[in-house]
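Side chains included, hydrogens not; waters and symmetry mates left out as well; all remaining heavy atoms used. What you see is a predicted model; the values in this text were computed from it and never measured. Chain identifiers are assigned alphabetically (A, B, ...) following the order of the sequence lines, protein sequences preceding nucleic acid strands; residue numbering begins at 1 within each chain.
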There are 2 protein chains.
Amino acid sequence: MARWEVSFALERRAGVPLFQQIARAITADIRRGRLRPGDALPGTRTLARALGVQRLTVVAAFDDLVAEGWIVTERARGAFVSTDLPDPAPRRFASGGRSAAVAERPGFDLLPAPAPELPYDVPPGALLFAPSRPDVRLAPAALIGRAFRRAIARRPGALLAYGSPEGHPRLREAVARMLASTRGIAAGAANVCVTRGSQMAVSLLARALLRPGDVVAVEQLGYRSAWESFRLAGARVVGVPVDADGLRVDVLERLIATQPVRAVYVTPHHQFPTTVTMTAGRRLKLLELARVHRIAIIEDDYDYEFHYDGRPVLPLASADPAGVVAYVGTFSKVLAPALRLGYVVGTAPLIGRIAAHRSHVDIQGDRVLEYAVGELLDEGEIQRHIRRVRREYRARRDALASALVDRLGDRVTFTVPAGGIALWVGARSLDVEAWAAAARSRGAVVITAASFALDGRPRPYLRLGFASLDVTELHEGVRRLAAASPAENRARS
Amino acid sequence: MARWEVSFALERRAGVPLFQQIARAITADIRRGRLRPGDALPGTRTLARALGVQRLTVVAAFDDLVAEGWIVTERARGAFVSTDLPDPAPRRFASGGRSAAVAERPGFDLLPAPAPELPYDVPPGALLFAPSRPDVRLAPAALIGRAFRRAIARRPGALLAYGSPEGHPRLREAVARMLASTRGIAAGAANVCVTRGSQMAVSLLARALLRPGDVVAVEQLGYRSAWESFRLAGARVVGVPVDADGLRVDVLERLIATQPVRAVYVTPHHQFPTTVTMTAGRRLKLLELARVHRIAIIEDDYDYEFHYDGRPVLPLASADPAGVVAYVGTFSKVLAPALRLGYVVGTAPLIGRIAAHRSHVDIQGDRVLEYAVGELLDEGEIQRHIRRVRREYRARRDALASALVDRLGDRVTFTVPAGGIALWVGARSLDVEAWAAAARSRGAVVITAASFALDGRPRPYLRLGFASLDVTELHEGVRRLAAASPAENRARS
């Protein structure tokens, strides 16, 4: 057994205590194989002399090493490298006591990734007609910053502690009041579970409702991200067509006749992506079908607040004595995308299930933010903000519509929707994919119907979001879009 | 066909526009069956006269009803209730235009709920020896409030918008630097995914790694909430015993010989709940086993910051050239439970998978909070806070230990751990469940070993958390605990 020699120098100004430096040097030597199981270490006096430190410093280092199992001490005989250590191949550990960088590849097999929700790829300087984004420039940043700080300052103990996964009672109550007064949903706080935006709401519903193999009927065209949540829960997603009156409930009825359907996912207010509002007749039929067949209706009302002409249609959840609707709403569109705050409304037993699943996802929400937003709702601040934004978005909708008529009137068709944050634009005989590609190179990014299709195949439509661009940007965007249209391209070439 | 008569009065001061009141009253009558599909409505002039409003007000109401599909108008013939409506049974909808309360029971079948992570049931005035809670009274509330408001005020556009699911780059970089300088993990920002606390980290790892039927080996005793995350992903959880040196890696090796094991979940630093530190020999064997069998090691280092004596042992992740470790850490224990902020560290491909799953759970984190905490890390504020809290917790550990020796020295055994936030207390010959029940009635809530067992069976141990009670409370809590112990109960009765 070769005698181990000190091969390191202590750094007295390194900020790391000397005893730690000694312990680290010894473990490094064990790891690189210079010290092997059973090897004797020098005595504490000898080592202290060799290093020029107090003996107690070496004793402290050895105590650490014993506590961690690197060495054992035997009374009178001294210290030895533990024989409980395997004999590591020297090069598998970095030398010099420093750890190696994290490996490049995992040492185990990864499952296939779900289709990711990637941010749109927008070239610098390009204008994105984002299908469902609000304008973050209108977000009430100062209001939220103040409310957050005020809440944490006044109630630090209550708001920073663990709380219930359903969300802070103040926000649950404020949401229930808001839904009762504006959407005809007579919910109590017990019917509300606060979530991190509507994405978490849909994801939790998927977990609470779906078993592998269950069928979920969805709107086609529709919202791909919700489909992926259902698939991640093992469900099979089946498309039901949408026409000018909303979901084809008659087709859904035929589907139900052929196989059990566990849930239906709908956006009846401003259908995503086509913007149509489901008619009252379809709504009543859908509720009745769900009641009879015990099907859960997941009603995603992602942009209820943005309605400009006439009265918004009340949600399905406002006429649901059978308890078949799980209603999803969000503040992320009216406040800011990065403030993930949404909710599920439903029967108390459903809310209990959602909460149980939620506790396993992230324990609970951000109680400070929840309380702050509850306070802003009670004070009417959020409602005032919504009214301001609604006026602005209405002007943007009208600006986009008239710009399209002016510049592309002969090449596109659309109906101006009474609400929402996008126009659904038919491209007549144009090849939309080629047009979108040409527009992209001219600095206008548009999302085509293929992104909303279960089969991913092209269809001659675009969803032109108008909420995240101001009136000037919308005009410029449409100018670029028109310049990229095949007719003008042809005229120029 | 009976002639429909106006049966409602308008409220001129209700704050609801008159045309909306008219439209609502008509839909209410359709819903309750007073108006049926095909019924004629009065002309706009007649109705305006009956209600004492301008004709245009009624026209606006009808326009709304047409747009929503409740009625149809035929030129020259007038307006009719749409025949596209089904014939609803009158009592299924609430009368009077107001919606019914949310139903009590769901109209569809709910799946069994996962075992919920419920807050402990603590009677008023009782002291809870919480197994893994920090003291929210020490949370740096003012610091966080200021940092949040500062971040949102300075960078509203950048922080309130959509961002990448991996978290804000500033926090990812700050975490990577912190891990490199204090834990020997040479991670770059690309190796870090920010999560909502360690719960979301484990939940995302479960989704990214596990297929139904996969086996996950876990410490037994161990952390029930992690087990539930694995089970929710369809995995089978198999317990491996823990002794004074940590996980019995030899037992794990025998398990691997009999069946494929996909992942191992460990808390090697301060094992939960027993507080033991896994020895170096076991660590090296575990890493080697994982490398050879391509097993993912989920290393949950939930309380790394709280180490009091000697040098904390470096994580498994600091010696992982094979890329088998997914390392989980959290700020929720050092800052505040309600600020859900944690991270996964691993190979870049693993981080990509985690991020893809994360985007389907809640899109992204709270970028304002992420940026604010990144800034506080860069400024050293969080490190200063940790040092303050660490001193306090050390004093609490020592106070609990000496109180136990003083009052219960003959009835309990324990080893003072070098770190962590709890003592693991053996109860000798006492019936711990009876003792815990008696203590509860005397105002001391303790969590027994049964809570940490796969089989839920009692074992003669308690996990006495000391972090969430101050020194005075710890003394009082131990007094109550001693008063409830069978020996003293017997002496008194």
Distance check, rounded to the nearest 0.5 Å: B:Ser359 atom OG versus A:Glu228 atom CD?
8.5 Å
A:Thr279 vs B:Trp70, test: side chain to side chain contact (heavy atoms under 4.5 Å, CB included). Steps then yes/no.
CA-CA 7 Å; A:Thr279 58; B:Trp70 291 100; over 6 Å; no
Mind running side chain to side chain contact (heavy atoms under 4.5 Å, CB included) on A:Leu110 and B:Leu350 for me, showing each step along the way?
CA-CA 7 Å; A:Leu110 291 172; B:Leu350 175 69; 3.7 Å; yes
Test A:Val102 against B:Ile185 for side chain to side chain contact (heavy atoms under 4.5 Å, CB included), laying out the working first.
CA-CA 7 Å; A:Val102 172; B:Ile185 303 174; 4.2 Å; yes
Contacting moiety of B:Pro112, where chain A heavy atoms sit under 4.5 Å:
both
Which value, rounded to the nearest 0.5 Å, describes the distance between B:Ile144 atom CD1 and A:Arg149 atom CZ?
12.5 Å
Would B:Asp366 and A:Arg340 pass as an ion pair if we require N to O under 4.0 Å?
no
Does any backbone or side-chain atom of B:Pro312 lie under 4.5 Å from a heavy atom of chain A? Answer side chain, backbone, both or neither.
backbone
Picking from A:Ala141, A:Gly157, A:Ala61, A:Ala60, which has the most non-hydrogen pairs under 4.5 angstrom with chain B?
A:Ala141
Quick one: closest heavy-atom pair of A:Ala139 and B:Leu160, and the distance?
CB-CD1, 3.7 Å
Tell me, for B:Ala153 versus chain A, whether the close heavy atoms (under 4.5 Å) come from the side chain, the backbone, both or neither.
neither
B:Arg105 atom CZ, over 12 foreign heavy atoms within 6.0 Å
no
How close do A:Ala161 and B:Pro337 get, heavy atom to heavy atom, and via which atoms?
C-CB, 4.1 Å
I need the minimum non-hydrogen distance between A:Phe108 and B:Leu209, along with the two atoms involved.
CE1-CD2, 3.5 Å
What are the two closest heavy atoms between A:Ala322 and B:Ala103, and how far apart are they?
C-CB, 4.2 Å
Does the side chain to side chain contact (heavy atoms under 4.5 Å, CB included) test come out yes or no for B:Asp362 and A:Gln199, once each step is laid out?
CA-CA 5 Å; B:Asp362 65 347; A:Gln199 182 67 39; 5.6 Å; no
Name the member of A:Ala226, A:Gly323, A:Ala206, A:Ala23 that forms the most heavy-atom pairs with chain B at distances under 4.5 Å.
A:Gly323
Roughly how far, to the nearest 0.5 Å, is NE2 of A:His357 from CG of B:Leu232?
6.0 Å
Can you tell me how far the CG atom of B:Leu111 sits from the CG atom of A:Leu210, to the nearest 0.5 Å?
7.5 Å
Checking A:Ala142 against chain B: side chain, backbone, both or neither under 4.5 Å from a heavy atom?
neither
Give the minimum heavy-atom separation between A:His360 and B:Ser203, together with the two atoms involved.
O-CB, 3.5 Å
Honestly, the part of B:Arg358 sitting under 4.5 Å from a heavy atom of chain A is neither
Toward chain A, the part of B:Val324 with a non-hydrogen atom under 4.5 Å:
both
Identify which part of B:Thr27 has an atom lying under 4.5 Å from any heavy atom of chain A, answering side chain, backbone, both or neither.
side chain
Taking A:Val361, A:Ile295, A:Val313 one by one, which has the highest count of heavy-atom pairs under 4.5 Å against chain B?
A:Val361
Whatever's closer than 4.5 Å to a heavy atom in chain B on A:Phe19 counts as side chain
Using a 4.5 angstrom heavy-atom cutoff, name the option from A:Ala263, A:Gly310, A:Pro156 with the most pairs to chain B.
A:Gly310
Which atoms of A:Arg367 are under 4.5 Å from chain B, going by heavy atoms: the side chain, the backbone, both sets, or neither?
both
Does any backbone or side-chain atom of A:Glu104 lie under 4.5 Å from a heavy atom of chain B? Answer side chain, backbone, both or neither.
backbone
Among the listed options B:Thr347, B:Asp309, B:Ile354, the residue most often paired with chain A at heavy-atom distances under 4.5 Å:
B:Thr347
Could you grab the distance from atom OH of A:Tyr162 to atom OG of B:Ser468, nearest 0.5 Å is fine?
10.0 Å
Provide the closest heavy-atom pair for B:Ala338 versus A:Leu159 in the form atom of the first, atom of the second, distance.
CB-O, 3.1 Å
Chain B contacts, top residue of A:Arg150, A:Arg211, A:His293, A:Arg283 (heavy-atom pairs, under 4.5 Å):
A:Arg211
For chain B, which of A:Ala348, A:Gly197, A:Ala208 has the most heavy-atom pairs under 4.5 Å?
A:Ala208
Are any side-chain N or O atoms of B:Arg262 and backbone N or O atoms of A:Asp109, one a donor and one an acceptor, separated by less than 3.5 Å?
yes
